[in-house]
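Before any comments, here is the structure.
Whatever order the structure lists them in is the order used to number ligands and atoms, beginning at 1. Bear in mind that the values here come from a model prediction, so they are computed numbers and not experimental data.
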Amino acid sequence: MVDLLEKHKGMADRFQRMLDMGINGLGVTNDQMLSPTRAMVGNREIILAGTNNYMGITFEPSVIAAGQKALAEFGSGTTGSRIANGSFAMHKELERSLAEFLRLKHCIVFTTGYQANLGMLSGLAGPKDTIYLDADSHSSIYDGCTLSGAKLVRFRHNDAADLDKRMARSEGEEGGKLVVLEGIYSMLGDRAPLADFVALKQKHDFQLLVDDAHSFGVLGPNGRGLGDEAGLEDGVDFVIGTFSKSVGAIGGFGASNHPLFETLRYAMRPYMFTASSSPASVATSIAALKVLKEQPERRAKLWANSERLFNGLRALGLQTGTDVVSPVIAVKMPDELTTITKWNALFQAGVYVNMAVPPGTPNRLCLLRCSVSAAHTEAEIDRIIAIFKEAVA
Ligand code: PMP
């Protein structure tokens with residue numbers, strides 16, 4: 001018999017080596033959440049610097065009250081997909097409110113951001129089409145491409161000239177072309193040079209999709225994402241986002257002005273064949289979106305905090321994933337063993353960051369990945385820097 005799990009033995013051994021060092025950087029349990037930036041792990045209080053909780057909205061009283069009300073009035077779950085069971089009015093309200101915020105005509109919400117990518121990519125592209133994706137794309141984008149059955153062409157990270165070359169090679173092939181970018185890349189924290197890619201539309205025929213998972217609420221004067229920051233929203237045909245980061249809840253969305261966009265509801269298996277978001281999740285997303293719209297000062301605070309941490313870590317001589325300030329600050333490590341050891345030193349000193357190692361990183365990089373929150377105090381940011389100085393630099 002071929003044991004199906006045998007293929008994971010290498011991974012199991014790698015994980016065991018880490019456990020043998022007395023470290024489980026991939027399985028920390030927060031026993032109690034004290035705030036968006038603090039947790040109790042056992043009897044130790046930890047500063048959280050790896051949550052993606054960019055706006056620090058998770059403990060906002062209006063958001064918690066909205067979730068509690070929805071739970072009491074609409075129950076604990078929807079128990080089915082929107083196609084089979086119908087929608088709750090609040091699913092539609094969330095879609096309307098997002099479309100209005102994004103100034104787009106159509107919006108479809110999904111149960112998670114991961115499913116938004118699976119659904120949108122497989123709904124937009126089929127076996128006759130080609131998806132051109134940035135080499136550093138998130139796993140959910142790769143998985144969406146696989147589900148679509150489309151031909152895949154990877155281009156060099158953030159390199160529109162490389163995309164241009166690859167598109168020229170497939171000139172005249174049948175089928176549609178979809179180019180996929182991310183607003184802020186989740187691991188290194190850099191952003192796509194949108195203008196370079198939009199300019200290529202003059203030369204090649206394609207539709208453009210931006211996954212704003214880490215940039216929705218974060219980038220642009222209005223927080224609408226990469227297109228908003230670049231002043232090029234009209235050049236983006238489809239936007240994807242998630243509620244699990246700046247919105248502080250769970251769920252995802254796709255949005256567009258395309259007149260046929262609504263038909264995707266009947267073409268996307270990850271939308272049709274899974275239960276819709278629970279009432280509490282939808283209501284918290286609606287309430288959090290309101291906070292995001294009404295309190296732009298949170299975005300300003302996020303950027304001030306990001307600058308403080310970015311500059312502080314670079315002043316220690318640490319190498320970061322990008323040369324420009326970003327709320328995702330990845331400190332580069334030379335190898336996996338050093339990453340595990342340094343991660344543990346940080347954790348023991350009271351700071352949680354993400355231990356990011358292959359296959360979760362581009363180019364097999366090893367990273368101590370920090371994400372900044374508007375809810376971090378300056379004292380917390382300074383403490384994180386001081387602990388990095390002690391434990392890593
Ligand atoms: N896209 C990107 C770029 C991401 O980083 C993530 C999650 N880290 C997702 C999509 C999936 O979002 P979610 O966790 O909300 O399912």
Q) What residues, two or more places apart in sequence or in another chain, satisfy salt bridge (charged side-chain N to carboxylate O under 4.0 Å, His left out) together with E378? A) R308
Q. Under a strict 4.0 Å criterion on non-hydrogen atoms, which protein residues are in contact with ligand 1?
A. T112, G113, Y114, N117, H138, S140, E182, S186, D211, A213, H214, T242, S244, K245
Q. With a cut-off of 6.0 Å (strictly less than), are more than 12 heavy atoms of other residues, nucleotides or ligands near NZ of K7?
A. yes
Q: Quick one: list whatever passes side chain to side chain donor-acceptor pair (under 3.5 Å) with R298, sequence neighbours left out.
A: E60, Q295
Q.
For F206 together with Y132, are the ring centres under 6.0 Å from each other?
A. no
Q: Quick one: list whatever passes salt bridge (charged side-chain N to carboxylate O under 4.0 Å, His left out) with E73, sequence neighbours left out.
A: K69
(Q) Using only atom types and a distance under 3.5 Å, with no angle test, would you say the side chain of T284 pairs donor to acceptor with the backbone of S281? (A) yes
